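Take a look at the structure below.
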Amino acid sequence: MEALIAVAIGVLVACGVYLVLRARTFPVVVGLALFSYAVNLYLFATGRLSNLAPPIVPRVGADPSQFVDPLPQALVLTAIVIGFGMTAFIVVLSLRSYLTLGTDHIDGPEADPLALPPTNPRHEGTDQGTER
Amino acid sequence: MSHHLAIVPIVLPLLMVAMLILVGNKHLGLVRGLSLGAAALNLLAGLALVSMASDERAFTYLVGGWEHPFGIVLVVDRLSAMMVALTGFVGLVCLLYACQGGDREGPYFHPVFQMLLCGVQGAFLTGDIFNLFVFFEILLIGSYVLLLHGARAPRVLAGLHYITINLVGSGLFLIGVGTLYAYTGTLNMADMAAKLATLPANDAALVKAGALILLVVFGIKAAMFPLYFWLPKTYGSAAAPVAAMFAIMTKVGVYAIIRVHAYILGPDAGPAASAAEPWILPIGLVTIAAAMLGALQSKDLRGLAGHLVIASVGTMLAGVGLFSHAGLSAALYYMVHSTLVVSALYLVIDLVRRERTDADDALAPAQQIIHPAVIGTLFFIVAIAIVGLPPLSGFLGKLFILEAAADSPSMTALWTTLLVASLFAMIAMSRAGSVVFWKTSPRPDDAPRIALPPMKVATIAIMLLAIAAWTAFAGPIAEYTDATAAAFFEPATDTAQALSPEPGGLP
């Protein structure tokens with residue numbers, strides 16, 4: 001099982017890194033999500049991988065090395081929640097950058113030959129900023 | 001009772017976040033009053049922590065009363081107290097500046113600013129490495145939103161890069177923490193340091209790998225070579241008070257490097273001891289060199305300022321990387337100086353940009369600004385401080401670092417890099433100053449008049465006074481940073497002390 005989990009983490013990281021290095025925002029967001037899955041699996045695996053050994057010690061004197069360490073599971077839970085929030089934020093920001101800049105290229109309109117002119121009156125209007 | 005003060009710098013801004021969101025954007029006066037009031041109280045709490053830490057010795061605060069080392073602890077020692085007070089001061093000054101109109105560029109400036117304060121101060125205070133991750137995320141989400149405040153196109157673009165690199169950094173942080181936990185079975189920093197001392201020799205390689213992954217993560221936050229390329233654009237596109245506040249964020253990275261690599265994996269950490277020692281000093285020196293090349297080719301003031309921030313990070317890392325009592329003490333003195341001066345620089349650049357309507361802050365000939373005397377003087381003082389010329393604290397800070405390196409084997413490399421870099425910084429700053437203030441054409445009579453906002457100038461003056469005070473009281477401050485650094489190089493007493501929390505630490 002260790003080998004399977006290790007391969008899964010490796011493949012997820014490889015795909016995540018490849019996608020993060022792409023030039024459009026959508027693959028980057030998906031890449032970040034894959035990378036965070038890999039990280040969560042890794043954290044989970046640090047608590048020992050064993051079947052049918054929930055972290056509940058049934059009697060005094062049981063050998064604790066036979067049970068799963070519950071703390072990494074709590075860490076994974078925290079990491080999942082934080083990762084979920086961050087992913088939601090970057091999804092909204094990618095959308096905003098597409099609407100503001102007229103392109104989903106990660107380096108903006110200058111780097112993108114396919115960019116639309118960055119004028120979208122509907123969204124200009126939502127800009128609540130006031131020029132100084 | 002007074003031990004409860006330890007959690008005030010975390011709870012107070014957090015309460016303000018919730019409260020200010022409820023108040024909303026309609027009652028700007030009320031929001032500003034609450035926000036400034038809370039920031040002032042926060043600064044007072046930070047100063048009180050400094051006086052407690054320097055009188056009494058370090059103490060721990062057990063959050064929720066969980067026994068050490070199972071619960072989360074906050075550690076108030078000289079280092080964390082000093083950094084919290086510094087954050088409080090910079091936060092208050094930046095808020096004062098933002099209240100001159102910057103906070104109206106977009107909604108919800110103040111709650112997000114308080115969130116950033118909460119995250120930064122939490123990261124300084126926590127004694128638990130996973131809790132450090134959580135506070136990093138809090139300060140990052142605050143910084144993401146503050147960076148986008150006003151949401152202009154360059155900010156959105158810089159925000160996308162900044163957030164992507166930091167999300168990758170967060171993933172790496174978890175991998176590093178998970179690896180350290182797997183081998184030590186604890187997340188408490190003091191406990192982890194104690195457990196590492198008895199680590200079996202064949203586990204050392206993976207622990208070292210985990211520690212170096214953490215160095216990469218903190219390097220992203222601190223903007224060390226080669227992970228600094230996000231910084232000039234991010235800081236440059238942010239609103240002025242936000243960029244000034246971000247000056248503290250690179251220091252969070254350096255602080256985390258000190259905590260993890262000089263304390264947890266310090267010289268006594270068994271087979272994995274000093275995992276980062278061969279790396280930090282060379283990286284610091286390369287960072288300085290690369291930043292100086294960047295500073296010399298900058299085409300605008302904000303780009304120049306960004307590269308000077310990176311150079312100051314390199315200088316601090318060089319001091320920390322000496323892994324000696326004197327080196328750490330000098331780096332801490334320089335760290336506070338650099339935070340103050342970088343904040344002041346971004347605020348001065350904002351004044352220049354308001355008045356250079358035709359050229360913004362580009363280093364190109366343009367019409368004369370309207371108040372060259374006032375703004376020029378402020379710029380001159382900040383330039384002296386950031387370059388490190390006498391008589392201001394930049395000179396003292398660099399001198400301390402040079403002195404600390406005097407009898408180390410890396411003396412030649414460090415002295416050459418630091419001195420040549422100071423020369424380059426001086427050339428870059430004098431070129432920028434002469435282009436902006438002297439290479440000008442007269443303003444046409446019909447050009448719009450822009451009044452000089454007195455409160456903004458006053459705010460910058462407060463920052464400059466703080467730099468002057470940091471210079472004038474260099475003696476007592478150096479004693480304080482010396483005592484701070486001493487705690488790191490007598491780990492036995494420090495660990496024993498942190499492992500036996502006083503009864504007063506219980507809530």
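Bear in mind the structure is a predicted one, so any value in this text is a computation, not a measurement. Numbered from 1 within each chain, the chains take letters A, B, ... in sequence-line order.
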(message) Heavy-atom cut-off 4.5 Å, strictly under: side chain, backbone, both or neither for T179(B) against chain A?
(response) both
(request) Go through D361(B) and R356(B) one step at a time and tell me if the salt bridge (Lys or Arg N to Asp or Glu O under 4.0 Å) criterion holds. (result) CA-CA 7 Å; D361(B) 63 342; R356(B) 280 183 108 213; over 6 Å; no
(request) Under 4.5 Å heavy-atom distance to chain B, tell me which part of D107(A) shows up: side chain, backbone, both or neither. (result) both
(request) Quick one: which of I106(A), V76(A), L75(A) has the most heavy-atom pairs under 4.5 Å with chain B, could you say? (result) L75(A)
(request) Please state whether the side chain, the backbone, both or neither of T87(A) comes within less than 4.5 Å of a heavy atom of chain B. (result) neither
(message) If you apply the rule side-chain contact (heavy atoms from CB on, under 4.5 Å), what do you find for T234(B) with H161(B), and how did you get there?
(response) CA-CA 8 Å; T234(B) 307; H161(B) 294 178; 5.9 Å; no
(request) Tell me, for H149(B) versus chain A, whether the close heavy atoms (under 4.5 Å) come from the side chain, the backbone, both or neither. (result) neither
(request) Salt-bridge test for E2(A) and R48(A): reply yes if a basic N is under 4.0 Å from a carboxylate O, no otherwise. (result) no
(message) So that I can tick it off, tell me whether R24(A) and D104(A) are bridged by a salt bridge, with the cut-off set at under 4.0 angstrom between side-chain N and carboxylate O.
(response) yes
(request) For residues I213(B) and F173(B), determine if any side-chain heavy atom of one lies less than 4.5 Å from a side-chain heavy atom of the other. (result) no
(message) Centre-to-centre under 6.0 Å for F136(B) and F133(B), is that the case here?
(response) no
(message) Given heavy-atom pairs under 4.5 angstrom as the criterion, report whether the side chain, backbone, both or neither of S97(A) touches chain B.
(response) both
(message) Heavy-atom pairs under 4.5 Å with chain B - which of V28(A), V20(A), L71(A) has more of them than the others?
(response) L71(A)
(request) Report the option among V177(B), V134(B), L140(B), L148(B) that has the most heavy-atom pairs separated by less than 4.5 Å from atoms of chain A. (result) L148(B)
(request) May I ask you to say whether D191(B) pairs ionically with K195(B), meaning some side-chain N is under 4.0 Å from a carboxylate O? (result) yes
(message) I'd like to know which of L157(B), V156(B), L167(B), N166(B) tops the heavy-atom pair count under 4.5 Å against chain A.
(response) L157(B)
(request) For each of I90(A), V17(A), T25(A), tally heavy-atom pairs with chain B at distances under 4.5 Å, and name the one with the top tally. (result) I90(A)
